[in-house]
Each structure stands twice: as C-alpha cells, then as structure tokens.
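One structure is given below, encoded as structure tokens.
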Amino acid sequence: MTVRQPLPHDSGPLHVTGSARYIDDIPTPRDCLHIAFGQSPKARGTITSLDLSAVKSATGVVTVLTADDLPFSNDVSPSIHDEPLLAVGQVHYVGQPIFMVVADSHLNARKAARLAKIEIAEEKPILSVEDAMAAGSFFEGGPRTWSKGDAKAAIENAPRRLTGQFDMGGQEHFYLEGQAALALPQDNGDMVVHSSTQHPTEIQHKVADALGVPMHAVRVECRRMGGGFGGKESQGNALAVATAVAARLSGRACKMRYDRDDDMVITGKRHDFRIGYEVGFDDKGRIKGIAFTQITRGGWAQDLTGPVADRAMLHSDNAYLLPHATITSYRLKTNMQSATAFRGFGGPQGVLGIERVMDHIAHDLDMDPVDVRRLNYYAPAKGAEAKAIGTGKPFGAEFSPETHRPEPNTTPYGMEVKDFLLHSMTERLLETSDYKNRKAQIAAWNANSPILKRGIAFSPVKFGISFTLTHLNQAGALVHVYQDGSIMLNHGGTEMGQGLFQKIAQVAAARFGVSTETVKITATDTAKVPNTSATAASSGSDLNGMAVLAACDAIRTRMAEFLGQGASVTFADGMVTWGGHSITFAEAAMRCYQARVGLSATGFYKTPDLSWDREAGKGRPFFYFAHGASVTEVVIDTLTGENRILRADVLHDVGASLNPALDKGQVEGGYVQGAGWLTTEELVWDDHGRLRTHAPSTYKIPACSDRPPVFNVDLVDGENPEATIYRSKAVGEPPFMLGISAFLALSDAVAACGDRYPDLDAPATPERILMAVKRVQA
Amino acid sequence: MSNKMHIKLNVNGEGHEFLAEPRELLIYTLRERLNITGPHIGCETSHCGACTVTINGKSVKACTMFVAQADGADITTIEGLGGPDNMHVLQEAFREHHGLQCGYCTPGMITRASKLLEENPNPTEEEVRFGMAGNICRCTGYQNIVKSILAAASELNAAKEAAE
C-alpha cells in the first residue's frame with residue numbers, strides 16, 4: 001500500500017533540475033505589465049499632498065493608480081474590512097501601499113515608485129506596548145479573559161509564589177519565494193489569477209470584490225509556493241487584487257512580485273508577545289494556580305490577530321494540568337506591519353509562556369526543570385499511552401501518571417485531555433538523549449570552565465489540531481478516473497513544500513490499489529474545488545486527505561458494484577480482483593467506462609465533534625492533540641554572548657505517519673525554524689516605526705552552519721486514537737515549538753554563571769545573552 | 001545613443017550574443033533574456049543563494065553581478081548539470097534523500113554543492129555545513145541537504161574508484 005511509505009516529494013525531479021515552475025517562472029503573454037507599490041514613508045499621519053507627475057512620466061510607466069482609481073472594493077483584509085489595498089487619506093505604517101505603478105517591467109515599476117512626492121502631516125505613531133496600553137489602542141474593544149476555577153485564591157493560598165514578565169520577538173517568514181501574483185484577463189471581464197497563496201478561495205473572494213464580479217468570474221490557481229509558513233495565508237491578497245485590477249483596466253496580463261526588502265517592509269510577521277505571570281505552587285513544584293497576561297502587538301490592521309491571540313491563550317497550558325488559571329489577552333493596535341499567521345499561529349508564544357514559568361519554578365526550588373514539568377503533566381489516558389508507545393520500562397514511582405493527579409484532566413478551556421502521550425515520550429527521549437548523565441557532565445564541565453558555559457534543556461509540546469473558527473474545518477476534493485486507468489487528483493489544499501500533494505496522492509493511490517505514478521497531481525484551482533479553507537493550522541493532510549478518500553471511495557464503490565455484481569472486490573497492487581477474476585486497474589476502468597459507470601466524483605469532509613464557544617472560552621476547539629519533545633545542548637561565550645547549538649534530540653508524535661520521510665522533514669525544519677525564532681532572528685523597528693531589519697543582511701535566519709552538528713530525530717510509532725486519515729496526525733506546526741528547548745538551554749547556560757534567575761528575553765541574541773550573564777554575575 | 005554593450009556568454013554549453021545595458025544584473029539576463037529560470041530570485045542582495053550559478057569555475061550569486069562583468073564567461077546553471085531524464089548524481093541524491101521541500105532554494109543549493117564537491121571531494125559533515133553556509137533554506141533545517149551531499153560525495157567517489 002502506498003500510504004506510510006517514505007516516498008520522495010512528487011516535484012523532486014523538477015526541483016532538482018530547476019524545472020519546477022513558480023509564479024515568476026510562468027511564461028507570460030505578450031505585453032505583460034508589471035506592478036510596484038509606492039509606499040508610505042511615515043508610520044502615522046494624513047496624506048496632505050501626493051504628487052505623482054514624476055512617477056507617471058518615468059520610463060516604461062503605463063499608468064499609476066491611487067485609491068480613487070479603484071473601480072470597486074478597496075480592501076484586502078481577511079477579516080474585518082479594515083485593510084485598504086491603497087491608503088485612503090491616512091497612513092498607518094511605514095511601507096503601507098499608497099499608490100501602484102503599472103509599467104512595462106518589474107524594475108521600471110519599482111524605480112518609478114520611488115519618484116513620488118508624498119507629503120504627510122505626521123502624528124506620533126503608536127509603536128511600543130507601553131504606548132498602546134496607555135492610549136487604549138486595542139483590537140476587539142479591549143482585553144479578552146478566559147478562566148478556569150479561581151486562580152486568584154489558588155495563587156494566594158499556595159505555599160510558594162513567583163511573578164515574572166518577559167518579551168518574545170516576532171519573526172519574519174522569509175519564504176524563499178517572495179509574494180507573487182499573475183493576473184490574466186479573460187473574455188467578458190472574467191479573471192484568472194496565478195497566486196503564490198495558501199488560500200486560493202480568499203484570493204478569489206477579494207479579487208471578485210475588487211472587480212465587482214461574482215466569485216464564479218474569478219479562477220485562482222496555485223501549483224506550488226516557494227515556502228509559506230503562514231505568510232501566504234492573507235498577505236498575498238494585495239498582489240492578487242493589484243494585478244487583477246490593473247489587468248481589468250489595461251486589458252493586459254499583469255504580474256507583481258515583491259522585491260525582498262519590499263516584502264519584509266510591507267507584509268506582516270509573527271506576533272511578538274509580552275507575557276506576565278503570577279504563579280502559586282507547592283514545595284514540590286506542582287502548580288496550584290496561575291494568572292497570565294498576554295500582550296501582543298497586532299500592527300495597524302486586525303488581519304488574523306484575533307484568532308492568533310486566541311490560540312496563544314489556548315496554549316498557555318501547553319502540557320500541564322493547571323487546576324486554576326486565568327489568561328488575559330491584550331491585542332494591541334500599533335503603527336506597524338499588520339502581524340499575521342506564522343507557523344504555530346500564537347501557539348508557540350503561549351507555550352513559551354508556560355515553559356518559562358516551569359523553568360522559573362525549577363530555579364526557585366533548585367530542581368531539575370524536567371522533574372517540575374513531569375509533575376505538572378496532564379494525566380495520560382489509562383492504559384492507552386503504554387499501548388501506543390511503550391518504552392519497555394515502567395514509570396518511576398515519583399512521576400507515575402497513575403498516582404499524581406486527582407483533578408479532572410481538563411484544559412483551562414474545559415476540554416478533556418484524552419490522548420496525552422508525553423509521559424512515555426519524555427521517558428524515552430530522556431533515555432535516548434542520555435539527559436541525566438549529560439546534565440551531570442555539563443555541570444562538572446562548567447565548574448572548570450570560567451569563560452565558556454554549557455546548558456541543556458528539555459521542552460515538551462502538546463498542540464491542538466483544528467481551526468478554532470469551527471466552520472473552517474471542512475475540505476473538498478475532485479477525482480477523475482480516465483478510461484485508460486489514469487487518475488486525476490485535485491483538492492483544496494495547497495503545496496508549499498510540506499509534501500501535502502505527495503501525501504494525498506499516496507492516499508488516492510492506496511484507495512485504488514495503484515502506484516502513485518498512476519495519479520496525476522494537479523494545481524489547486526478554485527474552479528475544481530470551491531469554498532476551500534486556507535492550507536493552515538496544520539490541517540492540510542487531515543482535511544484534504546479525508547475529502548480525497550471520500551471521492552476515491554465513491555468511484556471505487558461504483559466500480560466494485562458494477563464489476564463484482566455483489567461479490568466483494570479488492571483494489572490492490574494495480575489489480576482489481578473479485579470472485580475468480582483479476583484484471584488490471586486500467587482494464588477495470590475501461591470496462592466501467594464502456595458500461596457507462598460514472599468515473600468522476602467529488603468528496604467532502606468536515607471534522608466531527610467540535611464545539612467551541614469563543615466568547616466563554618469553553619468547549620472542544622480541537623479534534624485531538626499532537627505531541628513532541630526535544631532536548632537541546634548549547635554552549636555560550638560569557639565574554640561575548642556568542643553561542644552554538646551543540647546537539648539536539650527530538651521525539652515527535654505524528655500518529656501513524658502517511659509518509660515518515662516527509663514528516664521527519666517537517667520536524668527537522670520546524671525545530672530549526674523555532675530555534676531561529678528564539679535565537680538569531682531579531683526584528684528591530686526604530687522610533688519612527690521603520691523596520692531596520694528588512695533584508696537578510698540584518699535579519700539572520702539559520703544557515704546550514706547553524707544546524708546542530710548532532711541532530712537526532714525520531715518519530716513515535718503510534719496511531720491517532722481519533723479517526724483521522726489512516727490514523728495519522730498533523731505535523732506542520734507542532735514541531736516548530738521543539739525549538740523552545742534551544743532557548744531554555746541558553747537560559748540554563750546563563751544560569752551557570754551565578755545564582756540569579758537569568759530572566760532572558762527572546763530572541764536570545766548574543767547581546768541579550770551577554771546582558772543576562774552580567775545580571776546573573778552581578 | 002546607445003549605452004548598450006555587446007555581450008557574449010556561454011551558458012550551459014550554448015553561446016549567446018546580445019546587446020545589454022552594462023548594469024543589467026546577470027540573474028535578469030538568465031531568467032528574462034535567456035529564459036533560464038532554474039536560478040531563482042530570493043533576496044537580490046547575495047545573501048540567500050537561490051540564484052547561485054557557476055561562472056568560470058567559481059560559485060557566484062547571479063543577483064549581484066552585472067552582465068557586463070560576466071562578458072565572455074562560461075556559465076553553468078542547474079539546467080546545465082542535468083535534466084529530469086539525465087540527472088547528475090547530486091540531483092538524484094537531493095531527490096532521493098528528501099534534500100528539498102518547497103524547492104525554491106534547491107537549484108542554487110545543488111549548483112553550489114557541485115562546486116563544493118569539486119573543491120573538496122571528501123568533505124566531512126562539518127565541511128559540508130560550512131561550505132553550504134551561503135545558501136539559505138527555510139524549510140528543511142538542512143538535515144537532509146547535508147545528508148544528500150554526503151551521499152552524493154560517496155557515490156561520486158565510489159564511481160571514481162571503480163573507474164580507476
């Protein structure tokens with residue numbers, strides 16, 4: 001069977017030979033035009049004068065459009081219609097598009113866009129957390145609070161208490177392929193848009209609104225993206241709408257791709273957070289009650305800030321049973337890029353909050369942080385965990401999951417945790433990574449090393465799988481079997497490198513019992529499957545896999561009914577078999593065709609059993625949880641703050657993997673991206689709201705040389721207890737949080753310099769590490 | 001008035017002659033003039049390596065070289081290394097060992113790796129990591145990229161030994 005095989009990525013042969021097409025590689029029709037935005041030089045103010053004469057007369061310029069020239073909707077927001085494509089009167093951040101240049105080449109458009117004379121009556125921008133809190137600049141009217149039990153009383157009555165606060169930065173996606181779109185005008189005002197997008201349906205919707213046509217007049221296609229990571233969930237809207245409007249007005253094909261600097265200055269990034277905590281716990285380290293304050297800067301428009309901040313709240317427990325908890329979330333409106341979706345979608349920020357608390361408690365009690373974590377874990381499902389994984393060893397009595405939790409095993413939002421795997425995963429990872437011995441060796445090494453200090457840390461992740469906006473948990477598919485037995489596969493998911501198309505093709509091939517070569521993978525296309533959700537929330541395989549399964553099985557059932565005439569029919573190894581008969585799948589398809597059996601079907605899936613009351617903060621927002629754990633060892637130079645990751649060990653839960661090689665790739669990439677977020681990747685805005693880290697020269701994403709020299713990655717051999725596609729689990733986002741152990745290891749290394757808690761902010765750049773070392777040494 | 005230069009390039013064994021503004025960037029020449037779209041545009045500041053090609057035996061980022069500087073040069077792009085039906089050992093290794101996800105960095109990555117293995121046919125894991133540090137990948141965490149290059153190196157060496 002083709003599922004559960006480590007087959008290579010379907011586009012591999014094209015990628016390695018440079019023949020895979022991205023938007024910028026698609027041959028354009030004659031006279032294709034190119035677009036660039038003219039951007040606001042100020043973070044906040046009123047446009048008092050806009051002189052575009054030099055832009056209009058520049059070489060190659062065909063036309064220049066402002067908000068007044070847009071024929072219909074001027075909006076590219078994915079949520080509350082607060083994001084004009086082109087500024088109207090006011091500007092809200094440095095880089096905001098004010099006008100668009102349509103020219104004969106990409107470079108001519110960009111050059112001309114610099115020639116505008118823009119005068120802005122400046123107002124003081126709201127940039128910092130303090131500014132926004134003081135100004136009451138909130139989205140959704142103010143903070144949101146969710147509670148379980150009575151956190152205040154539990155904290156007050158606890159034997160020990162700690163308070164703390166720390167900052168974590170945002171993150172630039174740095175998809176290697178920048179945002180891009182190509183619009184091709186059709187008969188009768190229709191439009192075809194090729195877009196590098198995770199959300200073709202939203203592109204279709206926004207383009208239709210901008211052209212004043214129904215959605216049926218717009219077709220959006222995406223064969224692949226050169227990386228997405230959430231950055232192409234909503235941020236592609238502007239380019240798609242701009243090219244479509246210009247194509248409508250000019251009657252010519254129009255293309256737009258952001259130059260890297262423009263991309264970094266214009267588009268949103270991961271939300272940065274400030275997290276404050278007050279925790280009450282006992283002398284063993286068990287949490288009695290906790291109160292979190294999560295403050296995030298959402299930028300100038302709401303975009304996806306609401307659900308991102310919700311997910312941060314929903315992950316403020318991570319792997320830990322919090323008997324009493326209150327989480328208060330402030331979503332700040334600031335004069336910066338509108339922060340947006342990024343792998344984990346707020347989850348990593350919430351997880352880092354509680355992981356920081358665990359470390360702080362361990363430091364306070366002088367305990368191994370792993371022990372504090374295990375004491376506070378959720379209870380596993382009785383018996384289920386040992387059956388699912390099994391370490392071959394009984395749990396130590398001290399951490400026995402059977403004895404240690406009398407309270408209901410529920411999250412702060414009231415969802416019962418039924419499939420918690422981290423007890424045995426922790427046991428296994430500590431063993432395979434030789435954690436205890438290495439920790440002792442590191443302590444001994446540090447005692448004799450005055451300048452270099454090593455650190456080691458463990459971190460777990462439990463990540464909720466499903467869109468928290470429940471209606472998004474649906475997917476569609478379209479499958480054709482042709483009379484020669486070849487199969488056309490289409491579904492609503494998009495390919496951004498994660499291997500979704502390959503996994504789904506393996507599902508389709510498995511249903512028909514054929515090889516994956518028999519299955520043609522086709523570009524995501526709003527004309528083939530309508531009303532799709534973004535390929536986001538790690539949901540791609542879960543949702544689209546099931547929709548494809550439904551479509552395949554509909555065809556298979558028809559074929560079996562005709563061929564078997566009541567006898568049971570099997571589809572395996574390229575053959576269709578019933579009674580005493582066995583014919584090739586191609587022969588079966590031909591017979592069915594000639595007998596007028598329909599060989600095309602749609603499939604549909606909706607995730608069952610979800611119920612979520614966002615206002616109350618109660619319910620079951622997630623179908624299930626995915627788990628992971630990591631141990632990282634680092635070394636720091638206490639004179640310079642420089643640091644290296646020396647070794648990383650990872651164990652991750654993907655249920656019964658659809659393709660273990662692709663899943664391991666997600667885990668490895670997620671770890672490194674997560675570690676990058678918390679170490680080298682620093683976003684810096686100046687006092688005028690200008691992003692100073694707007695290119696890879698100043699914004700450091702991990703390079704090959706930063707990869708841990710020892711990097712052991714293993715998958716848990718288990719099955720999802722929920723009925724997902726072949727009992728697999730989602731893998732896109734959860735491993736991102738494995739990188740948190742790198743941050744905690746750096747903190748551990750700093751802690752080796754003295755008695756004080758390091759209080760490290762993220763990203764732990766050399767500067768921050770050095771400052772923390774000085775604090776601890778003081 | 002002509003401020004264009006007469007340029008000659010040999011790209012993947014094929015000669016090209018044309019008039020171009022001297023400040024035309026080589027990556028635009030390759031992609032837009034010659035329709036060689038394997039080398040990709042990632043950052044246009046020579047940091048990401050997606051546009052890496054081989055020029056007169058050296059790895060070069062084509063986004064920050066003027067076409068005038070390349071006049072007369074021998075250029076090899078990913079297309080010159082091998083196509084889907086006649087893959088170079090490195091190309092096959094990247095495919096087989098999952099040395100790619102979104103694929104956008106892959107042509108530059110493999111082009112650089114081909115030079116690395118010419119410069120150092122027996123690299124250690126560490127030499128691969130540092131030898132590839134100028135090419136950024138955002139997807140893979142580099143694990144499988146390093147694995148692919150080491151696998152290709154041992155296969156190339158085995159083939160060389162067999163030939164000797």
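Just so you know, these numbers come straight off a predicted model, no measurement behind them. To find a chain, count down the sequence lines: A is the first, B the second, and so on, and within it residues start at 1. These values consider heavy atoms only, across backbone and side chains, with no hydrogens, waters or symmetry-generated copies.
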Is it the backbone or the side chain of Y671(A) that comes under 4.5 Å from a heavy atom of chain B, or both, or neither?
->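 For Y671(A), there is no contact with chain B at all, as no heavy atom is under 4.5 Å.
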For V672(A), is it the side chain, the backbone, both or neither that has a heavy atom under 4.5 Å from a heavy atom of chain B?
-> side chain
Are the side chain of [X] and the backbone of [Y] linked by a donor-acceptor contact shorter than 3.5 Å?
X: R707(A); Y: G141(B); value: no
X: Y142(B); Y: P702(A); value: yes
X: E96(B); Y: P8(A); value: no

Count the heavy-atom pairs under 4.5 Å between each of I36(B), I145(B), I78(B) and chain A, then report the option with the highest count.
-> I78(B)
Hey, which of Q91(B), H40(B), E32(B) has the most heavy atom pairs under 4.5 Å with chain A?
->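 So the answer, after comparing Q91(B), H40(B), E32(B), is Q91(B).
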Measure the shortest side-chain to side-chain distance between [X] and [Y] over non-hydrogen atoms and say whether it is less than 4.5 angstrom.
X: Y175(A); Y: R138(B); result: no
X: M496(A); Y: C102(B); result: no
X: Y28(B); Y: H106(A); result: yes
X: P84(B); Y: S19(A); result: yes
X: H98(B); Y: L662(A); result: yes

Under 4.5 Å from any heavy atom of chain A, what part of [X] do you find: side chain, backbone, both or neither?
X: Q143(B); answer: both
X: I136(B); answer: both
X: M87(B); answer: side chain
X: L90(B); answer: neither
X: T45(B); answer: side chain

Please determine, among [options], the option with the most heavy-atom pairs under 4.5 Å with chain B.
options: G227(A), P708(A), S705(A), S11(A); result: S705(A)
options: Q673(A), Q498(A), R21(A), E495(A); result: Q673(A)
options: V667(A), D263(A), D261(A), L107(A); result: L107(A)
options: G228(A), G12(A), P696(A); result: P696(A)

Determine, step by step, whether R257(A) and I41(B) satisfy the side chain to side chain contact (heavy atoms under 4.5 Å, CB included) criterion, reporting the C-alpha distance in whole Å, the side-chain angles of both residues, the deciding distance to 0.1 Å, and the verdict.
-> CA-CA 10 Å; R257(A) 71 171 173 82; I41(B) 294 175; 3.3 Å; yes
Give a yes or no on whether [X] atom [atom1] has more than 12 heavy-atom contacts from other residues, nucleotides or ligands under 6.0 Å away.
X: R692(A); atom1: CZ; result: yes
X: R4(A); atom1: CZ; result: yes
X: E126(B); atom1: CD; result: no

I need the minimum non-hydrogen distance between [X] and [Y], along with the two atoms involved.
X: G82(B); Y: T17(A); result: O-CG2, 3.4 Å
X: H15(A); Y: L100(B); result: CD2-CD1, 3.7 Å
X: Y104(B); Y: Y22(A); result: N-OH, 3.1 Å

Can you tell me how far the CD atom of E177(A) sits from the SG atom of C105(B), to the nearest 0.5 Å?
->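 So the gap between those two atoms works out to 12.5 Å.
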Could you walk me through whether D25(A) and R31(B) pass the salt bridge (Lys or Arg N to Asp or Glu O under 4.0 Å) test, one step at a time?
-> CA-CA 8 Å; D25(A) 303 330; R31(B) 290 181 54 82; 2.6 Å; yes
Apply the test side chain to side chain contact (heavy atoms under 4.5 Å, CB included) to residues C704(A) and N135(B): give CA-CA distance (whole Å), side-chain angles for both, the deciding distance (0.1 Å), then the verdict.
-> CA-CA 8 Å; C704(A) 197; N135(B) 289 67; over 6 Å; no
Salt bridge (Lys or Arg N to Asp or Glu O under 4.0 Å) assessment of R110(A) paired with E44(B) = CA-CA 14 Å; R110(A) 289 198 66 219; E44(B) 292 185 74; 5.3 Å; no
